[in-house]
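Remarks on the structure that follows.
Per chain, numbering begins at 1; letters A, B, ... match sequence-line order. Just so it is clear, the model here is predicted, and its values are computed rather than measured.
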Amino acid sequence: MGFPHPSHPKETPVLSKYFGDAAARSFRGWVERGGYEGLKKALGMTPEAVVEEMKASGLRGRGGAGFPTGLKWSFMPKDDGKPHYLVCNADESEPGTFKDREIMRWTPHALIEGCAVGCHAIGAECCYIYIRGEFTEPWHVMSAAVEEAYAHNALGENVFGSGKRIEVVLHRGAGAYICGEETALMNSLEGKRGNPRIKPPFPAQAGLFALPTTINNVETLAAVPHILTRGAAWYKGLCLGNPKSTGTKLISVCGHVMRPGNYEITLGTPMKELIFDMCGGMRPGRTLKAVIPGGSSVPLMTPEEVDQCATDYEGIVACGSMLGSGGMIVMDDSTDIVYEIYRLAKFYAHESCAQCTQCREGTAWTTKILARILSGQGKSSDLDLLLDLSENMTGKTICVLSDSCAAPIVSGIQKFRADFEAYLSRATAPVLALA
Amino acid sequence: MTAGTAGVGAGEGGGVEAHHDAPHVPIFAGKVKERLDALFPKYPTKQACLLPALWMAQEARGWISPGALTEVAAVLGLTPAYVRGVVTFYTMYHTHPVGRHFIQVCTTSPCHLCGSDDVLTALLRETGCGELGATSADGRFTVIEVECLGACGFPTPILIGDDFIESVTPERISGILQGYK
Ligand SMILES: Cc1cc2nc3c(=O)[nH]c(=O)nc-3n(C[C@H](O)[C@H](O)[C@H](O)COP(=O)(O)O)c2cc1C
Ligand code: FES
């Protein structure tokens, strides 16, 4: 983790190696730590070779969907004569997730270097980094680093004398979770409301300003220079048995653990080791009740599922959830699961852009029904009604915000039904007053 | 393009706190106009500078007043109605005047698990705001509840103006508020 606690021996610090080391923030400090070697190496390679290197490393998107990065880059058209764009998604707003913030605060040049390599690989001259408006400190750190990168020719008209022009522009968001969705982000950057777009066209054909665009998460791009410097084979070797999930992943752990924070694991690390060894387990006298492992948009896991789970893309799916963004919310036996799910539904209702009926109405209705249950006025049919609504909120909309609201509701009812029934039977006292 | 940042950072331009609609002092003049003009070459359209321009307007006026909205529209060649549609999409632009220190408190599930409700209650009491969205009688504070601030491992994070403060507990609040007159 490196910040605020020292790294745990079971971690594999690659991205987080310099968290907490303020000297790594400056251009010079970054170069002294081996920085910008990856970019120099990339500039000496053809764009195709860089894309192949990413493919060989097995790197997958760290923003939520886990799409292979090299493959995504290879979708960009070649020699089409149009400007191309790289967009870095630094909107980090998925409840439970706080890793991109730490990357930007401590190792801004890792991100800038990754953006520059990405631009070279996809034939772009400009990368926009869209940073959520609330991230004031990361904004200042990134601003200073970008200025320094220009001053040292790591960005600009002629990057490190290669003749390549690469610009990085920071763009500040203004408060909207949905702007983390890639096409909503593009609309927002264009000066519009952040409504997601219907796909196709996919960003590689018509993305930002209707031009070919690749969008990647902060953590994805920050891993890129390390792969170039140390080689795809090294990265691919960071793997615990599942060749589809390679490399390290920052897991943001929050909620009821002794030591919340960012933990950088080799993918495949047993989830129970992460929670009980690295994070110090539950508070004294408490036991584990549930885990939401990939940001609030994924299904809840039971302690039994956690017990046998390998923390990687396929491993978590096999145990009933998803790796998502790697934002792990841990809940002990003091937790009112019904209330927490209600609070998440309220989050999605607030953040819905309201374009699609299933999402606009579904997030609001499920929130109201959950509030009714919590107020002691739930009906015996409410759980079926919630499941029915969730069904209509899944796979039916322009983006997956609606599906994300349904995931904790459906898994909550399936895996923690007794908690809901205790409210319905009045065995649990109401905690909300109905407005 | 020489400098790389869009130059509309959090808190740049100083904390001008005039909450009055004062169109006789144009927003986009002098230094602010220079900052905006420096942004135009970084984007293929002027419209892409809408969010940055709105940030500049809010820094200057404290909120996006109807006058500010018109000025932003004019400088970018957009209609006020269009700009209003964009402003209301985002939660960080104020569509009415707020206290000198605007406080955002995260209460989403991860923070709720760690006691954010108590932090919110204590803030409403100690600022004198009483209720969410209301401004204290002395004009000093407005407190609102917000969704995940992306710092869930440091519960409860709050934003006071542009100051991001982690690990706030009810006990820390009176000390923190002393720094905001
Ligand atoms: C509602 C919603 C919110 C999202 N928020 C984020 C976010 O804050 N950060 C992020 O990197 N990706 C977010 N994503 C995923 C992006 O759409 C996109 O898949 C990602 O940025 C691609 O980068 P990657 O391939 O490097 O993971 C979100 C998706 C949805 C549907
Ligand atoms: S839930 Fe409070 S910062 Fe994420």
Query - Option in B/Pro157, B/Gly150, B/Ala151 with maximal non-hydrogen atom pairs under 4.5 Å from chain A - result: B/Gly150
Report task. Grab the two heavy atoms, one from A/Phe98 and one from A/Cys254, that are nearest each other, plus how far apart they are. Result -> CE2-CB, 4.0 Å
Query raised in the report: Where does A/Arg101 contact chain B at under 4.5 Å (heavy atoms): side chain, backbone, both or neither?
Result: side chain
Report summary line: Applying a strict 4.5 Å limit to non-hydrogen atoms, the region of A/Asn195 in contact with chain B is both
Query raised in the report: With no hydrogens and no angle check, is any side-chain donor or acceptor of A/Ser297 less than 3.5 Å from a backbone partner on A/Gly295?
Result: no
Query raised in the report: Parallel, tilted or perpendicular: which describes the rings of B/His94 and B/Phe102, with under 30° parallel and over 60° perpendicular?
Result: tilted
Query raised in the report: Relative to chain B, which segment of A/Tyr348 carries a heavy atom at a distance below 4.5 Å: side chain, backbone, both, or neither?
Result: neither
Query raised in the report: Of all residues at least two apart in sequence or in a different chain, which pass the side chain to side chain donor-acceptor pair (under 3.5 Å) check with B/Asp118?
Result: none
Query raised in the report: Checking A/Ile329 against chain B: side chain, backbone, both or neither under 4.5 Å from a heavy atom?
Result: side chain
Report task. Mind ranking A/Gly327, A/Gly194, A/Ser252 by heavy-atom pairs under 4.5 Å with chain B and telling me who comes out on top? Result -> A/Gly194
Report task. Please flag which part of A/Phe209 lies under 4.5 Å from any non-hydrogen atom of chain B: side chain, backbone, both or neither. Result -> side chain
**Report entry** Trace of the salt bridge (Lys or Arg N to Asp or Glu O under 4.0 Å) decision for A/Glu94 with A/Lys99
**Finding:** CA-CA 11 Å; A/Glu94 170 87 0; A/Lys99 61 190 178 68; over 6 Å; no
Query - Atom NZ of B/Lys31 with >12 non-hydrogen neighbours under 6.0 angstrom - result: no
Requested in this report: Determine, for A/Lys346 against A/Glu351, whether the closest basic-nitrogen to carboxylate-oxygen distance falls under 4.0 angstrom.
Outcome: no
Query - Heavy-atom contacts under 4.5 Å, residues 164-179 of chain B to chain A - result: B/Phe164, B/Glu166
Report task. Measure up the A/His152 and A/Phe27 rings against each other and bin them: parallel (under 30°), tilted (30 to 60°), perpendicular (over 60°). Result -> parallel
Report task. Provide the closest heavy-atom pair for A/His84 versus A/Ala124 in the form atom of the first, atom of the second, distance. Result -> O-CB, 3.3 Å
Query - When A/Gly173, A/Ser93, A/Ala149 are compared by non-hydrogen pairs under 4.5 Å with chain B, the top option - result: A/Gly173
Report task. Using non-hydrogen atoms and a 4.5 Å limit, figure out which bit of A/Arg105 sits close to chain B: side chain, backbone, both or neither. Result -> side chain
Query raised in the report: If you measure from the Lys or Arg side-chain nitrogens to the Asp or Glu carboxylate oxygens, is any gap between A/Lys289 and A/Asp332 under 4.0 Å?
Result: no
Query - Any donor-acceptor N or O pair under 3.5 Å, side chains A/Tyr177, A/Asp91 - result: no
Query - Atom group of A/Tyr128 that falls short of 4.5 Å from chain B, counting heavy atoms - result: side chain
Report task. Keeping the roles fixed (side chain from B/Thr107, backbone from B/His112), state whether a donor-acceptor pair exists under 3.5 Å. Result -> no
**Report entry** Pick from A/Arg132, A/His350, A/Glu92 with the largest number of heavy-atom pairs that fall under 4.5 Å of chain B
**Finding:** A/Arg132
Query - Proximity breakdown for A/Glu340 and chain B, heavy-atom pairs closer than 4.5 Å - result: both
Query raised in the report: Can we say A/Arg172 and A/Glu134 salt-bridge, meaning some charged N sits less than 4.0 Å from an Asp/Glu carboxylate O?
Result: no
Report summary line: Comparing A/Ser296, A/Ala176, A/Gly156, A/Ser188 against chain B, the one with the most heavy-atom pairs below 4.5 Å turns out to be A/Ser188
Requested in this report: Check each atom of A/Ile129 against the heavy atoms of chain B and say whether the ones under 4.5 Å are side chain, backbone, both or neither.
Outcome: neither
Report task. Identify which part of A/Val257 has an atom lying under 4.5 Å from any heavy atom of chain B, answering side chain, backbone, both or neither. Result -> neither
Requested in this report: Find the one option among B/Pro155, B/Gly153, B/Cys106, B/Cys111 whose heavy-atom pairs under 4.5 Å with chain A are most numerous.
Outcome: B/Gly153
Query raised in the report: Hey, what's the ring geometry for A/His171 with A/Tyr130, parallel, tilted or perpendicular (30° and 60° as the breaks)?
Result: parallel
Query raised in the report: Within a strict 4.5 Å, meaning less than it, do heavy atoms of the B/Val146 and B/Val105 side chains meet?
Result: no
Query raised in the report: chain A heavy atoms under 4.5 Å from B/Leu159: which part of the residue, side chain, backbone, both or neither?
Result: side chain
Query raised in the report: Looking at B/Pro110, B/Gly85, B/Ser109, B/Cys49, which has the largest count of heavy-atom pairs under 4.5 Å with chain A?
Result: B/Ser109
